[in-house]
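Keep in mind the model is a prediction, meaning the values are calculated, not measured. Chain naming here is simple, since letters A, B, ... match the order of the sequence lines and numbering starts at 1 in each.
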Amino acid sequence: MRVATWNVNSLNARLGRVLEWLEANGPDVALLQETKLRDEAFPTEAFAALGYASAHVGQGQWNGVAVVSRVGLAEVERGLSDGEARLVGATCGGLRAYSCYVPNGRALDDPHYAYKLRWLDELTARLAARDRSVPVVVAGDFNVAPADLDVWDPAALEGMTHVSGPERAALDGLVATGLVDAVRALHPDEPCFTWWDYRGGAFHRGWGMRIDLVYLDADLAPRVRAAYVDRDARKGPKPSDHAPVVVDLDL
DNA sequence: ATGTCCCAACTTTTGGGA
């Protein structure tokens, strides 16, 4: 089973690249964020033509998350209590899969930062109460770099969002429900960024962060055969500012 | 670090968000 997560930064702007990537990489389940589409505008047919069923939670201009699966898609779960299109879950081929788009936070003194922490706490509560008979994957754009290894220059980010203690503690709380970071399970010491700002030549300078994460039920840790960032997908014409993360599981 | 991208709209330029 191949599971991927990708913040596409507008599925409208990125549809060609996303479909091309699905064909080339063949994930069984793809978890997408920042579709920036209303549900009516979601390109269900384009995914169906490649054999994928879809579940989308959209709101239009901002946010928007989707699960696309070619191994079945059932029991769709939509959103948290905030009303923003930031969470969708579905059961796909025996896996309970969640696509998450955690609020950015903007700055430590911004009300959006407190909203981010509340949102992560609600996600944690939701997962703490999960059905333990079905293995879970919780993946997406968390807008948090879990450790200093996950940013290009910790000193440059001092006092900024994405690296603060409370954000990292919130992720620790999520993990404590019985999850494992799939990429770190296989690559504990390797920097592997997933996001580079469009501005300032950040990609070519290596100014990135690992903020797109794949959390698996801890029981699945021994079943992870591969876990990597497809950095090449950040290259070329009209890329997203995020690269996909791919995890192969031997179920 | 900020040389970009994407969206909407009182739309051909600006403002908001990332």
Side-chain angles (χ1 to χ4, degrees), chain A residues 5-21 31-43 46 56-66 79-80 82-87 99-120 123 139-146 148-164 167 170-171 191 193-213 229-245:
Chain A
T5 183
W6 195 5
N7 178 324
V8 298
N9 185 19
S10 168
L11 193 50
N12 192 41
R14 217 71 58 209
L15 184 61
R17 285 198 62 144
V18 170
L19 296 175
E20 192 176 283
W21 190 86
L31 304 167
L32 308 178
Q33 300 87 37
E34 280 205 270
T35 61
K36 300 187 179 178
L37 295 175
R38 289 169 296 111
D39 285 335
E40 311 84 76
F42 187 83
H56 180 244
V57 172
Q59 68 182 75
Q61 184 178 6
W62 310 119
N63 311 321
V65 285
L80 294 179
D82 58 318
E84 296 205 351
R86 296 183 177 277
L87 182 73
S99 177
C100 307
Y101 179 46
V102 176
N104 175 284
R106 298 176 189 170
L108 300 193
D109 59 356
D110 192 299
H112 204 261
Y113 175 79
Y115 165 50
K116 177 183 199 173
L117 296 178
R118 285 197 308 275
W119 198 94
L120 281 166
L123 177 66
D141 177 0
F142 283 80
N143 273 314
V144 181
D148 282 352
L149 179 62
D150 299 314
V151 301
W152 82 99
D153 183 358
L157 294 167
E158 193 85 38
M160 301 183 79
T161 183
H162 293 57
V163 296
S164 72
E167 289 165 275
L171 276 193
F193 302 148
T194 65
W195 171 85
W196 299 261
D197 202 309
Y198 284 123
R199 296 169 293 184
F203 182 66
H204 295 286
R205 293 180 196 237
W207 295 345
M209 297 192 203
R210 189 177 74 99
I211 56 175
D212 298 270
L213 309 170
V229 179
D230 182 8
R231 198 175 170 281
D232 286 345
R234 179 63 177 76
K235 302 175 181 174
K238 281 176 76 78
S240 170
D241 46 353
H242 296 252
V245 183

If I compare all heavy atoms of A:Ser99 with all of A:Val65, which pair ends up nearest, and what's the gap?
OG-CB, 3.9 Å
Non-hydrogen atoms of A:Pro146 and A:Arg210 that approach each other most closely
CD-O, 3.5 Å
Once you apply a heavy-atom cut-off of 4.0 Å, does A:Tyr101 come out as touching a base, just sugar-phosphate, or nothing?
sugar-phosphate
When the P atoms of B:dT11 and B:dC6 are compared, how many Å lie between them, rounded to an integer?
22 Å
Heavy-atom pair of closest approach, residues A:Leu213 and A:Leu171:
CD1-CD1, 3.9 Å
Under the rule for ring pair (Phe, Tyr, Trp, His ring centres under 6.0 Å), what residues qualify as partners of A:Tyr113, not counting sequence neighbours?
none
How close do A:Pro103 and A:Tyr115 get, heavy atom to heavy atom, and via which atoms?
CG-CE2, 3.5 Å
B:dT2 and B:dG17, which share atom name C1', separated by this distance in whole Å
15 Å
Atom-to-atom span, CD of A:Glu84 to P of B:dG17 - whole angstrom:
11 Å
Nearest-angstrom distance, C1' atom, B:dC7 to B:dT12:
16 Å
Determine the Euclidean distance between corresponding C1' atoms of B:dG15 and B:dA1; express it in Å to zero decimal places.
23 Å
Report the relative orientation of the aromatic rings in A:His242 and A:Trp195; use parallel for angles under 30°, tilted for 30 to 60°, perpendicular for over 60°.
tilted
Rounding to an integer number of angstrom, what distance separates B:dG3 and B:dA8 when you compare their C1' atoms?
25 Å
Summary of protein contacts for nucleotides 1-11 of chain B, nucleotide by nucleotide, where a base hit scores B, a sugar-phosphate-only hit scores S (4.0 Å, heavy atoms):
BBBBSSSS---
